[in-house]
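We count ligands from 1, going down the list as the structure has it; atoms in each ligand are counted the same way. Excluded from the calculations below are hydrogen atoms, water molecules and symmetry mates; all remaining heavy atoms, backbone and side chain alike, are included. Along the sequence shown, the residues carry numbers beginning at 1.
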Amino acid sequence: MIHYSLENLLPVDINGYYGNFGGAYVPESLKRNIAELDSAYRRLVIDPSFMADFDRLMHEYVGRPTPLYRADSLSRRYGAEIYLKREDLNHTGAHKINNAIGLGLLAKRMGKHKIIAETGAGQHGVAAATVAALLGLDCVVYMGAEDVVRQQPNVMRMRMLGAEVVAVSSGCATLNNAVDAALDAWCCDADAFYMIGSAVGPHPYPEMVARFQSVISFEIQHQLEQLIGRRHPDYVIAAIGGGSNAAGAFYHFIEERDVRLIAVEAAGKGVESGMTAASLTVGDVAVLHGAKTMVMTDVDGNAAEAYSISAGLDYPGVGPLLAYLASEGRITVMAADDDEALNAAYLLAGTEGIIPALESSHALAVLEKMNLNPTDVVVLNLSGRGDKDMATYMRYAGGGQE
Ligand SMILES: *Cc1c(COP(=O)(O)O)cnc(C)c1O
């Protein structure tokens, strides 16, 4: 069994700033909850018995380590050595469970009885409901009323797992509003633990989420060493919504300057179209959900409505770690639009026999746009599987555009 190291390798200061980004911009009423969480987290993440529980669940329950698969067809097609990190093979079908297990164990150790979570497409809601069921905790998931309608299969999963799904109808009734509702509910409930779904939110959430997701790059290093005799690839590619799978895939390589890190945003209908989720490309510095970060804003300076064909990427902000790494030039930001992602999904299905999540398809799509050399070792984080996206894929195959 792998013993994960969750050591803090992040460029973050004690106030939760990544350069100019991050911090904890929360109302007075939340400060106590956050302080309690922060001290429990710092104590537990170095506690051997906590880590033993984490290691065991990662191994026996989630199914880690996930394979690092050399994709022969993709490698031939793009003229490089392309490896897929198979986060799609995790229990519940995506990387989100890594974080949900870490935070769930924390909630349990803190003596909390209830998990509060938000969800957009329902993937994090399912992961939160799964872990709550596993650990014997109650679970309430806040979800935009629009998304409750659009994502029925995941709503049913959450309910079968015993979670209460609360439809949020404020604002545009999507993820952005669900996060606000979850934070509000946490304010008034000392017995609850807020399980966030990405590397966003007030400090210490982005740090905690990145550390729990760091199992991804921890494994990549060891797997590459076994497969090719060196720990460092030339490229790591990941799609970014809030930035948690990217943070996990990049984590152990941030300080390894010879590894090029490519973060792929959802362009939607095009980065300049007004229907996009490319917050690093078109956003401004603003505070969103408790952190100073890159946010797509409207004329009043409020978070704008994001658009992507992929429900897991249409968030108007991005976590402070990625905002900082982009501002420093440490990561390269690229974008893929709806059609490019759909084409990449069909290519992977047809040539490798893997149906990717629409989110992951955005990462796959940029392989077309890179000038790779035959000796380049490329690791692409396949963040999730495509079952939840079948209706969208079928509409596209039928020639019907969204
Ligand atoms: C939620 C989700 C994402 C986007 O979230 P990040 O926090 O940016 O990783 C990407 N891929 C899949 C499969 C998801 O479910």
Side-chain angles (χ1 to χ4, degrees), residues 66 84-100 102-103 117-128 130 143 147 151 153-154 157 174-175 178-179 195-201 205-206 208-210 212-217 236-251 261-266 277-280 289 291 293-294 306 308-323 325-326 331 333 336 341 344-345 348 354-365 380-389 392:
T66 57
L84 301 177
K85 181 59 173 162
R86 300 289 310 274
E87 292 300 295
D88 59 316
L89 295 177
N90 285 323
H91 179 43
T92 69
H95 67 288
K96 289 202 171 73
I97 192 81
N98 303 327
N99 171 55
L103 290 180
E118 81 294 332
T119 198
Q123 291 300 102
H124 174 59
V126 168
T130 297
M143 188 170 189
D147 291 331
Q151 311 291 337
N154 276 339
R157 283 186 192 103
T174 55
L175 176 60
V179 180
M195 181 182 281
I196 209 161
S198 188
V200 300
Y205 278 106
M208 289 193 296
V209 175
F212 290 130
Q213 292 292 0
S214 74
V215 299
I216 300 172
S217 50
V236 181
I237 307 176
I240 55 172
S244 71
N245 86 87
F250 295 168
Y251 196 89
L261 307 175
I262 314 278
V264 186
E265 299 196 295
S279 5
L280 286 173
H289 299 135
T293 189
M294 294 299 285
S308 163
I309 193 171
S310 154
L313 301 182
D314 66 356
Y315 180 67
V318 61
L321 169 66
L322 289 183
L325 294 176
I331 60 175
V333 179
L348 191 74
I354 300 170
I355 299 177
L358 258 170
E359 293 83 3
S360 321
S361 305
H362 286 72
L364 289 161
L380 188 143
N381 199 40
L382 202 73
S383 55
R385 65 176 180 232
D387 310 33
K388 66 187 177 58
D389 299 311
T392 308

Donor-acceptor pairs under 3.5 angstrom involving side-chain atoms of residues 380-387: please list them, not counting sequence neighbours.
residue: N381; atom: ND2; partner: N245; partner atom: OD1; Å: 2.9
residue: S383; atom: OG; partner: S360; partner atom: OG; Å: 2.7

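Each of A94, H95, K96, Q123, S198, I240, G241, G242, G243, S244, N245, G312, L313, A357, E359, S383, G384 has a non-hydrogen atom positioned under 4.0 Å from some atom of ligand 1.
At a cut-off of 3.5 Å, with distance as the only test, no side-chain donor of H124 or S198 sits close to an acceptor on the other residue.
What you find for A363 and A238 is that their closest heavy atoms are CB-C, 4.1 Å.
Scanning for side chain to side chain donor-acceptor pair (under 3.5 Å) contacts around S308 gives an empty result, with sequence neighbours left out. Scored by the salt bridge (charged side-chain N to carboxylate O under 4.0 Å, His left out) test, R157 finds no partners at all (sequence neighbours excluded).
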Passes side chain to side chain donor-acceptor pair (under 3.5 Å), N99 versus Q213? Steps please.
CA-CA 6 Å; N99 171 55; Q213 292 292 0; 5.5 Å; no
